[in-house]
Amino acid sequence: MTRIARPDMDAIVARHPEIFQRSAWQRFRGPVFTGLFLFYLVFCAWFFHIGAVLSGANWGIAGAYLADWVSYESRPDIEIGKDGKLRVVFNRADPAGLNDPRPDWLIADFSSQSKAAPEARTASDASIAPQKKSTISFMAPPKAAEPAPATDVAAVTGETEQVASKVTVNFSSSTSIETTPDRVLVKRGSETLTVLLDGSGETRLTEPLPAWAEQRSPGGKITVSLGLSGWADIEDDRVRIRNRFFGWPNFFFDTNSAFFGKSVSEVISLIASGPELKPGTSNLSLALDDFLYNPSWQHLDVWIKLMQTIVMAFVGTVLATLIAFPLSFLAARNITGNRLTNQLIKRFFDFQRSVDMLIWALFFTRAFGPGPLAGMSAIFFTDTGTLGKLYAEALENVDQKQPEGVRSVGASPMAVNRFGVLPQVMPVFLSQALYFWESNTRSATILGAVGAGGIGLKLWEAMRTNSDWENVAYMVILILIVVFVFDHISNALRSRLIGSAGSTIILPRAGAPASPKKAVSA
């Protein structure tokens, strides 16, 4: 490389100053664009109140929601009666089951109490003798309950009520809530909170609230956040306990199943050679039935809804592709010379794709009722407009040499499109159709939330409870697996189709071997 001498360089600059002297805009356009971009960011932060949002966000609640995805809560209520007794009520939805749950983290002197006759409750309370503290394992199989009288509403409603004079809930080794008829003592590490209960309908405090407790109005409910261990609501007549444990409870068998609480080896042994647990039904059929119809997780229903989502995406995309394919030839200016036809078809595509898929789903839900048909119609309608526009643009950008070559031998317009246009655009058409099929698998989940069927509706129902977040995590994982599998299938099909469609035949030159060989065109 020859180095130019300084005098020669000065001479070149003198002869061509317009090349080496930049204008003011060329010198300052970089800083100007940088300043405009920074100004835009500051404007967005001011307009959307990002600072106030971040400062007022409750990150503790966000962390609790994420923890709920991989954990579950046991939710006993400690009712504080006017008679000076504490009644522990486990709801029917509690993972411990319905048969007198007494977990080892809840310590009290329990006494069975019927909820059917409240007027008889006070008389029976006076004769209740202190009982031994229960230490039954929380997730162990429920013990056999004694036959209940016909008037026992607890057996009918699925709730178990127990009476005690003092109840202690141990969330962890350093966190607990101790409840008596006149006060609630909360311990979290080295800090304590004492709430006095005097039956006036209000809660009274003996010291200022710690940072992990909240009371929105004087005398009102007090919410204590105990981190990953759970939380509790303290009222004058009730303490709502939410004790959190890691894992998904009863994922395979619920507490009413004969296989509940058994190890994997025990279940396999019972299925392989064990005695029939239900007369007339094999243990394998019983295990499958208990798993698929698990009331807590509803595996069969979730899987059916997931299949509905997959079918919605597939059928909607196929129908959209079949309709958009012929219409795109009418919309392409270089294929159909009639300008009126071009404009009508393009405006039809604009109408279909200008309305969001979610809006179409709401419309078809009102027309057809809730179900997969509404979701499939929404996907079909929206994708027809989008694919039609993409296909028409692909047709308008084809290389005209191939159609002219086919036309030069006297081929009909149909043959020109078949042999001169279609081979160029078919890989693009197939690739876009496969991508939309993969994308619609995700979109169909959202459509279910507005009543268009599929797993989206199931997911929305679980989220609305604001307590079954482990079920939400289960369905989200299933959706991720399906999207992951479909993504790989779509990529593999696109690679094969585009690779095979992009190969050309190289004809041998004179004197070369007669056998042709394939080469991938650029």
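Within the model, atoms CH2 of W248 and CH2 of W297 stand 5.5 Å from one another, a figure rounded to the nearest 0.5 Å. Note that CD1 of I345 is 14.0 Å distant from NZ of K389, once rounded to the nearest 0.5 Å. With rounding to the nearest 0.5 Å, the separation of CD in Q432 from OG1 in T317 is 13.0 Å. Here F259 contributes atom CZ and L270 contributes atom CG; the two are 6.0 Å apart, rounded to the nearest 0.5 Å. Atom CG in L457 sits 11.5 Å away from atom OG1 in T445 (nearest 0.5 Å). Here the straight-line distance linking atom CE of M376 with atom CG of L319 works out to 6.5 Å at 0.5 Å rounding.
Enclosure of atom CH2 in W212 by more than 12 non-hydrogen atoms of other residues, nucleotides or ligands within 6.0 angstrom is indicated. Atom CZ of F314 sits in a sparse spot, with 12 or fewer heavy atoms from other residues, nucleotides or ligands closer than 6.0 Å. By the 6.0 Å contact criterion, CZ on F251 is enclosed, its count of non-hydrogen atoms from other residues, nucleotides or ligands being greater than 12. Heavy-atom neighbours of F291 CZ from other residues, nucleotides or ligands within 6.0 Å: above the threshold of 12. Other residues, nucleotides and ligands place more than 12 heavy atoms under 6.0 Å from the CZ atom of F368.
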How far apart are the C-alpha atoms of I379 and M357, what are their side-chain angles, what is the distance that settles it, and do they pass the side chain to side chain contact (heavy atoms under 4.5 Å, CB included) test? CA-CA 6 Å; I379 294 174; M357 188 182 297; 3.8 Å; yes
Under the side-chain hydrogen bond (donor to acceptor under 3.5 Å, both in side chains) rule, what do W360 and Q352 come out as? Steps first, then yes or no, please. CA-CA 9 Å; W360 282 123; Q352 288 184 303; over 6 Å; no
Take F380 and I323, measure what side chain to side chain contact (heavy atoms under 4.5 Å, CB included) needs, and give me the verdict at the end. CA-CA 9 Å; F380 159 64; I323 300 300; 3.7 Å; yes
Please walk me through it: do L422 and F329 pass side chain to side chain contact (heavy atoms under 4.5 Å, CB included)? CA-CA 10 Å; L422 202 57; F329 283 84; 4.0 Å; yes
Check against side chain to side chain contact (heavy atoms under 4.5 Å, CB included), D290 and F260: CA-CA 10 Å; D290 289 349; F260 175 72; over 6 Å; no
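Checking each of M307, M475, Q308, M312 against I455 for a side-chain contact (heavy atoms from CB on, under 4.5 Å) leaves exactly one that passes, namely M475.
When all heavy atoms of E235 and R240 are compared, the pair lying nearest together is OE2-NE, 3.7 Å.
A side-chain donor-acceptor contact under 3.5 Å links S354 to the backbone of D350. Checking side-chain atoms of S443 against main-chain N and O of S439 turns up a donor-acceptor pair under 3.5 Å. Remark: side-chain polar atoms of E266 are paired, donor with acceptor, to backbone N or O of S263 under 3.5 angstrom. Within the 3.5 Å criterion, the main-chain N or O of F486 finds no donor-acceptor partner in the side chain of S490. Checked by atom type and distance alone, the side chain of D487 never pairs as donor or acceptor with a backbone atom of V483 at under 3.5 Å. Of the possible donor and acceptor atoms, none in the side chain of R75 sits under 3.5 Å from a partner among the backbone N and O of N243.
Evaluation of the side chain to side chain donor-acceptor pair (under 3.5 Å) test over residues 43-52, restricted to residues two or more places apart or in two chains, returns none. Within the structure, no pair that satisfies the side chain to side chain donor-acceptor pair (under 3.5 Å) test touches residues 412-424, not counting sequence neighbours. Applying the side chain to side chain donor-acceptor pair (under 3.5 Å) rule to pairs touching residues 331-344 yields Q343-R347, sequence neighbours excluded.
Using a 4.0 Å cut-off between a side-chain N of Lys or Arg and a carboxylate O of Asp or Glu, R242 and D77 qualify as a salt bridge. With respect to the salt-bridge test (charged N to carboxylate O, under 4.0 angstrom), the residues K305 and D301 qualify. In this structure, K346 pairs ionically with E396, as a charged nitrogen and a carboxylate oxygen lie closer than 4.0 Å. Taking the charged nitrogens against the carboxylate oxygens, E214 and R216 do have a contact shorter than 4.0 Å, which makes a salt bridge.
Contact annotation: the side chain of T382 never approaches that of D356 to less than 4.5 Å [non-hydrogen atoms, C-beta and beyond]. Between L300 and Y293, some side-chain heavy-atom pair lies under the 4.5 Å cut-off. With contacts defined as side-chain heavy-atom distances shorter than 4.5 Å, the pair W437/I489 qualifies. Looking at K458 and E461, their side chains come closer than 4.5 Å, going by heavy atoms from C-beta outward. Put simply, the side chain of W69 reaches to within 4.5 Å of the side chain of V476, judged on heavy atoms. Counting heavy atoms from C-beta outward, F48 and V53 have side chains that stay 4.5 Å or more apart.
A side-chain donor-acceptor contact under 3.5 Å links T223 and D233. Of the N and O atoms on the side chains of H299 and Y474, at least one donor lies less than 3.5 Å from an acceptor on the other residue. D383 and N440 form a side-chain donor-acceptor contact under 3.5 Å, judged by distance and modelled atom types alone.
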